[in-house]
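Below is one structure, written out as structure tokens, with a few remarks after it.
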Amino acid sequence: MNQKTLLIVDDEPNILLSLEFLMKREGYQVHLARDGVEALEAIAALRPDLVLLDVMMPRKTGFEVCQEVRANEALKSTRILMLTAKGRDTDVAKGLALGADAYMTKPFSTKELVEKVRQMLQSTR
């Protein structure tokens with residue numbers, strides 16, 4: 001079975017580190033990006049199976065990243081799981097409208113996140 005690739009995008013180093021540790025422990029190949037611009041470069045270069053994308057970030061927000069990925073013919077099938085501290089329904093609606101495949105609000109349990117990632121990687125578009 002080939003190893004699935006994840007890109008984790010968050011501007012908070014402690015979140016990046018804990019998610020990286022968690023996902024590597026689950027057997028995924030993990031890459032990191034620290035803001036929206038880095039995220040777009042990494043998505044284009046790596047073509048990850050799934051992107052864990054924080055909403056509130058410097059340079060470009062997760063919403064902007066999502067929009068640009070969906071507008072790009074070569075990248076638009078990239079699966080995106082948005083992570084946000086804002087659990088407001090308007091944000092969820094906006095994220096999904098911009099093409100996010102799923103949404104989780106912080107703080108989430110690691111078990112929930114691992115389960116969600118597993119589900120998303122099993123279901124292909």
Side-chain angles (χ1 to χ4, degrees):
M1 197 176 98
N2 67 343
Q3 205 180 25
K4 297 283 189 187
T5 310
L6 301 184
L7 175 66
I8 300 171
V9 188
D10 202 304
D11 58 333
E12 291 182 42
N14 54 344
I15 292 176
L16 273 182
L17 285 171
S18 57
L19 291 180
E20 178 185 28
F21 174 78
L22 181 69
M23 293 304 160
K24 280 186 170 167
R25 202 178 61 195
E26 292 296 312
Y28 301 117
Q29 197 180 345
V30 180
H31 299 274
L32 305 175
R34 284 161 189 83
D35 63 48
V37 174
E38 259 184 48
L40 285 166
E41 289 166 2
I43 291 166
L46 301 164
R47 303 291 172 93
D49 295 299
L50 177 62
V51 180
L52 302 184
L53 183 60
D54 184 35
V55 172
M56 302 309 291
M57 291 184 301
R59 291 168 77 197
K60 273 187 197 294
T61 66
F63 292 136
E64 291 170 308
V65 171
C66 194
Q67 210 169 5
E68 288 187 40
V69 167
R70 290 298 176 246
N72 181 325
E73 201 52 48
L75 304 176
K76 71 177 185 193
S77 66
T78 306
R79 278 184 235 138
I80 296 176
L81 171 56
M82 293 200 103
L83 305 175
T84 180
K86 289 190 186 166
R88 298 204 321 260
D89 294 342
T90 51
D91 281 353
V92 174
K94 182 177 179 183
L96 296 174
L98 291 174
D101 296 289
Y103 212 97
M104 285 191 86
T105 50
K106 299 172 186 172
F108 39 75
S109 81
T110 52
K111 195 169 151 240
E112 259 181 311
L113 181 65
V114 165
E115 192 49 46
K116 190 76 178 166
V117 166
R118 195 176 293 133
Q119 280 171 3
M120 289 181 76
L121 289 171
Q122 276 167 357
S123 65
T124 46
R125 286 195 158 203

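Note: hydrogens, waters and symmetry copies are ignored here, and every other heavy atom, side chains too, is used.
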Taking side chain as C-beta onward, heavy atoms only, is V9 less than 4.5 Å from M57?
yes
Non-neighbouring partners of K60 that pass salt bridge (charged side-chain N to carboxylate O under 4.0 Å, His left out), sequence neighbours left out:
E68
Less than 4.0 Å between a side-chain N and a carboxylate O, is that true for K116 and D101?
no
Roughly how far, to the nearest 0.5 Å, is CE of M120 from CG of D49?
11.0 Å
Nearest-0.5 Å distance, OG1 of residue T61 to CG of residue D11:
11.5 Å
V51 and I43: CA distance, side-chain angles, deciding distance, side-chain contact (heavy atoms from CB on, under 4.5 Å) verdict:
CA-CA 8 Å; V51 180; I43 291 166; 3.9 Å; yes
Quick one: NZ on K106 to CD1 on I15, what's the gap to the nearest 0.5 Å?
3.5 Å
Return yes if some donor-acceptor pair links the side-chain N/O of Q3 with the main-chain N/O of G27 below 3.5 Å, else return no.
yes
In this structure, CG of L7 is separated from CE of M23 (nearest 0.5 Å) by 12.5 Å
Heavy-atom closest contact (L98 atom, R70 atom, distance):
O-CG, 3.4 Å
Specify the closest pair of heavy atoms between A42 and P48, including all atoms of both residues, with the distance to one decimal.
O-CD, 4.4 Å
Evaluate side-chain contact (heavy atoms from CB on, under 4.5 Å) for D54 paired with I8, printing each intermediate quantity in order.
CA-CA 8 Å; D54 184 35; I8 300 171; over 6 Å; no
Kindly give the heavy-atom pair with the smallest separation between G95 and C66, and that separation in Å.
O-SG, 4.5 Å
Listed partners of E112 passing salt bridge (charged side-chain N to carboxylate O under 4.0 Å, His left out), at least two apart:
none
ILVMFWY cluster, L96 and V65 together (side-chain gap under 4.5 Å):
yes
Verdict with supporting geometry, L19 and L113, side-chain contact (heavy atoms from CB on, under 4.5 Å):
CA-CA 9 Å; L19 291 180; L113 181 65; 3.3 Å; yes
Path from L53 to V37 over hydrophobic side-chain contacts below 4.5 Å:
no
Spacing of OG1 belonging to T84 relative to NZ belonging to K94, to within rounding of 0.5 Å:
10.5 Å
Scan residues 23-36 for pairs that pass side-chain hydrogen bond (donor to acceptor under 3.5 Å, both in side chains), counting only residues two or more places apart or in two chains.
E20-K24, E26-R118, D35-R59
Measuring from atom CG of L81 to atom CD of Q119, what distance do you get when rounded to the nearest 0.5 angstrom?
10.5 Å
Let me check something: do F108 and V30 share a hydrophobic cluster, defined by ILVMFWY side-chain heavy atoms less than 4.5 Å apart, either directly or through other members?
yes
Determine whether N72 and V69 satisfy the following criterion, side-chain contact (heavy atoms from CB on, under 4.5 Å), listing intermediate values before the conclusion.
CA-CA 5 Å; N72 181 325; V69 167; 5.9 Å; no
Take atom CZ in F21; do more than 12 heavy atoms of anything else shown fall under 6.0 Å from it?
no
Over all atoms of both residues, closest heavy-atom pair of A44 and L75
CA-CD2, 3.9 Å
Looking at every heavy atom in both M82 and V55, which two are closest together, and how far apart are they?
CE-CG2, 3.9 Å
